[in-house]
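Here the structure comes first, spelled out in structure tokens, and everything after it is commentary.
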Amino acid sequence: MLGAMFELCRINSLKVTLAVLATAFVAFIILLLIKPLRNKKALALFLASVALSAALTAFHAARVEQNITEYADKRITAVGTLAELPYKAYGHNYYIIKTSRIGNEHKRIKLRVSSLDSLDIEPTDEIRVTLNTQLLGGDDGEYLGYCKSENLYLSGYLGYNASCDIAKGCDFSPFQLILMLKRSISGYVMSSLPNSYGGVLCALLTGDRHTVPEVIKNRLSASGVFHLFAVSGLHLSVWSALLYEALKKARVSAYKRSVTVIIFCIVFILLTGANPPVVRAGFMMILFYCGYLFSRQSDALNSIGLAVLCMLILNPFASLSASLWMSVLATAGIITAAVPFVYYLTEKLDKINGILKSAAVSIATVMSVTVFSSLFTLPVFIYCFGRVSTVGIAANLVLVFAGSLAMELSGTAFLLNAVSLGFLAKPVITLAGLLSKFLTDTSSLLADFRYALIPVSSTVSKITLAVCAAAVILIFFIKKKDRKVLFSSLLVSFVLLLCVNVFTFTLENSKLKLAVINTGEGVGVVLKNKGFTAVADTASGSFDENKIKQTVSDFCISRLDYLLLPLCNGDAYLADCSVLCAYEPKILVVPEKGMPKDTNGNYKVLNTDREKIILINDEIALSSDEKCVKIDYKKFSFRIFDDGRIMLSDGREYSVPQGKRAELFTDGNTDFEIKEAK
């Protein structure tokens, strides 16, 4: 069902969805009418799930399209309250509003409002805005699909010809009070640790990633542990287990313990923004503790299915969320592979007694959960990001425990401070800060490895992935009860896929790979050659600079050696350069005029004359001025102008359309090959 909804939402065509619905429904009726086929329960369930998926998707898509038709690109007056805590990005303040009325109509949708000035608004306040709306992402269907997975697709700007009124203390509903609690947690942590380590702790506790500097996000992502910020089963299971055991120590009855933990799970879901992983985990934990209430044992796989079904009924576009897929597959990997492996190992260690056996089982549990959850989520990483982290498993083994402990300690510190035990809370939050520092520093060290990210984009890589997946599925059905064969096939497939990708990546790495991105306010040049990486950015401060960062990610660049800023005008300019903030290059090349004395960055600054020239290695040189970026590579040279034109050495000229990118390749012996702009 999840797969059917994913395909239907990805196609995003109401006609196709209705055609699938009709076909599945007719096939289901025919199945019931033909007597020999009635006992085919698997086929009947498949057709029923496809029909239900299509019906839900069609209903939700029609409702979304109706809202878009009525309210997008219109001037509206909306009244509502905050749905999330405000955050700041790219020099703007953002407010996600859950509307109660639009005009004179009662309407509940989400609206993202942005403003240059911050608003004095509390979670319990009611806000009334009059502004012009637009679709998030404009005509970018992929971005809009992602927004729909969050039930957010409309935005507005509080600028010229817009108004905003705030009524204080008008809504004290449970959700708004939980939002106040979330703000209190973030406020306490950031006041205790007013730095990036405090921001990491806020993200671990509440799932609010806006408190984390972008450079740390990139390093955690490159090292394969960014999922720590996706508050999910790991966090919820830890807190619910601690609460259950604490109540048990206090001799609270099993019935009251279960009810209390269920209420806690509901509050936790709302506290963390009801993102897909935590909703899935929350439903599973609620079903688990409901088993205590009714003296029934819950089935883990059925619990996953029911949790996902409830989420998809509320919003079928949640099937487009990569975090939901990763959460489901990681849980499936733990249940179907990690847990049986631990049982298998425990049986083999029957002859060992005492502390040694307990230690061995504990280590095996941590390692198996990490390895198998990583293996099961590998297809999502490849599909969504087109890459594999070579340091991911090692990073998870080292850092997941530290992240979990940091979360527990910071949460404990907040509770101690809330009950006026600040003298105890201070050392606890300090220890949590040290763990946060260990987490960020270690992930940075791993991300600095030049080959931390390996692309899975070649034809050979894709064929290998398909063969490995088919082989594992086949072995699963043939040797379903032979755990040893199953575990071995998974590990062999992973090692084979990694080796193939390392080999193809090594071959491609000897070539110059370069992309030119036309943002409309300049160009960004992303260059990679024999492990050396550089960006020349003439569009700093532009909103479309995100496309430059996306290209850096697509090129599997985990560290940036050089950044050239041809139009640097001082502190304000550097503050607006999101590429600089996101990657903190090893060497920053800027003109001397207007350069601040202290950039407070972890990079070396080279002050040059008006024209900047750097030698990346013995084969390539990169230089730039205000209007042009020039690249010399072996016997070839070419220029890239700030209007998106590329002039090759043989006189050929290619123009990159605004908002698009073009990619160039060469092995140094043949002239440049240019791929069509994306």
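All values below were derived from every heavy atom in this structure, side-chain atoms included, with hydrogens, water molecules and symmetry-related copies excluded.
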Task: 4.5 Å side-chain heavy-atom contact, Ile97 and Thr81 - done: no
Task: His92 side chain near Leu116 side chain, heavy-atom distance below 4.5 Å - done: yes
Task: Check: Tyr71 main-chain N/O paired with Thr133 side-chain donor or acceptor under 3.5 Å - done: yes
Open item on the list: Quick check: do Leu179 and Leu85 have side-chain heavy atoms less than 4.5 Å from each other?
Closed with: yes
Task: Min side-chain heavy-atom separation Glu663-Leu514 under 4.5 Å - done: no
Open item on the list: Could you check whether any side-chain heavy atom of Tyr95 comes within less than 4.5 Å of a side-chain heavy atom of Ser118, counting everything from C-beta outward?
Closed with: yes
Task: Test side-chain contact (heavy atoms from CB on, under 4.5 Å) applied to Leu82 and Ile96, step by step - done: CA-CA 6 Å; Leu82 289 176; Ile96 310 298; over 6 Å; no
TODO: Is it possible for you to check whether Lys110 lies under 6.0 Å from the centre of the six-membered ring of Tyr153, through NZ or CZ, and within 45° of that ring's axis?
DONE: no
TODO: Show your reasoning for whether salt bridge (Lys or Arg N to Asp or Glu O under 4.0 Å) applies to Asp171 and Lys98.
DONE: CA-CA 12 Å; Asp171 189 348; Lys98 177 178 59 180; over 6 Å; no
Task: Pairwise side-chain contact, Tyr654 with Arg645, heavy-atom cut-off 4.5 Å (strictly under) - done: no
TODO: Nearest 0.5 Å please: distance from the CG atom of Leu111 over to the CG atom of Leu154.
DONE: 6.5 Å
TODO: Decide yes or no for Ile127 and Leu119: does some side-chain heavy atom of the first lie under 4.5 Å from some side-chain heavy atom of the second?
DONE: yes
Task: Heavy-atom side-chain proximity of Lys88 to Tyr94 below 4.5 angstrom - done: no
Open item on the list: So does Arg183 get a backbone contact from the side chain of Ser186, meaning a donor-acceptor N/O pair under 3.5 Å?
Closed with: no
Task: Test item: side-chain donor near acceptor, Lys547 and Asn518, under 3.5 Å - done: no
Task: Inter-residue atom distance Asp73.CG - Asn132.CG, 0.5 Å rounding - done: 9.0 Å
Task: Polar contact flag, side-chain donor to acceptor under 3.5 angstrom, Thr130-Arg75 - done: no
Open item on the list: Does this structure show an ion pair linking Lys549 with Asp554, if we count only N-O contacts that are shorter than 4.0 Å?
Closed with: no
Task: SB check Arg128 Asp165 (cutoff 4.0 Å) - done: no
